[in-house]
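Structure record follows, encoded as structure tokens.
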Amino acid sequence: MTSKDIFSINNKNIIISGGNGGIGSRLVKAFISRKAKVISIDKNLIKFKHKNLYSVKFDFLKFNENKKELENYLSKFKKIDVLINCAGVTYPNNSEKYNSDDWNKTMTINATTYFELAQLTVKYMKNLKTSGSIINFTSIGGVLGFPNNPAYSASKGAVQQLTKSLAIDLAKYNIKVNNIVPGYINTPMNHKSWKSKKERNKRSKRTILGRWGKASDLIGPAVFLSSDASNYITGSDLVVDGGWLSKGF
């Protein structure tokens, strides 16, 4: 196998949760352009159409109510090669004022659904001749403490450890499970900070590379972990933060 071949995702069936979001939508287009078949699962359908795109409307807060319909849909595919969990929400607020509804919604969408989709997907990966891959999007907020967003940080920290547990449990099926750990990425979720020149510059200076990330910066890491090039990598964190976590001062 050549180095070019091992990075191929041609003809892989790939589920992307949050496929209509800031990061997810960029991954959907990138994976389709590399001849993968993509199944986007999100609360809203993707507006554009492509022969290799399947857009499924799914309410992550009502997983059990939607589960059977999703299973019926996935059963049409002979196999699922990759699950990418990148659905996410954030409801910033001071810890003392944080309400339980926002906490529960954040934990459900950002963490619990990741586990539930992994459970559901595993049976479609068990019989793969090559390795399956589950990729969970976490955050530098799951590694370091950040103010005024306790549920988001807690949910991402939970996924950080969930990935390691799943990697151990699913290794017997030749399924690798890894995290992609983004830093500050210019997406609608971070629009408020990006719009503020002061906040944008402060975060840029905190990185080694001196800039925010773009959604396109996550394509390479996602393709790598979806491909056979990463067959001996599992339970790992692939940090894509411009050097935020490594910078001392």
> For F77, is the NZ or CZ atom of K37 found under 6.0 angstrom from the centre of its six-membered ring and inside 45 degrees of the ring axis?
Replying inline: no
> Within 45° of the axis and under 6.0 Å from the centre of the six-membered ring of F31, does NZ or CZ of K12 qualify?
Replying inline: no
>> Would K164 and D169 count as a salt bridge (charged side-chain N to carboxylate O under 4.0 Å, His left out) here? Give the steps.
In response: CA-CA 9 Å; K164 293 172 173 57; D169 291 342; over 6 Å; no
> What residue among L238, V239, V159, L162 forms side-chain contact (heavy atoms from CB on, under 4.5 Å) with N179?
Replying inline: V159
>> Nearest 0.5 angstrom please: Y184 OH to K202 NZ, how far?
In response: 8.0 Å
>> Evaluate K57 against E69 for salt bridge (charged side-chain N to carboxylate O under 4.0 Å, His left out), listing each step before the verdict.
In response: CA-CA 10 Å; K57 192 171 184 178; E69 184 178 348; over 6 Å; no
>> With a 4.0 Å cut-off on N to O distance, would you call K97 and D102 a salt bridge?
In response: no
> Going by atom types only, do N85 and N136 share a side-chain donor-acceptor pair under 3.5 Å?
Replying inline: yes
> In terms of side-chain heavy atoms, does S131 have a donor or acceptor partner in N174 at a distance below 3.5 Å?
Replying inline: no
> Which atoms form the tightest heavy-atom contact between N20 and D42, and what is the distance?
Replying inline: N-OD2, 2.8 Å
> What is the minimum heavy-atom distance between V240 and I185, and which atoms define it?
Replying inline: O-CD1, 4.5 Å
> Taking everything shown except Y232 itself, do over 12 heavy atoms lie less than 6.0 Å from its OH?
Replying inline: no
> Between F58 and F63, is the gap from one ring center to the other below 6.0 Å?
Replying inline: yes
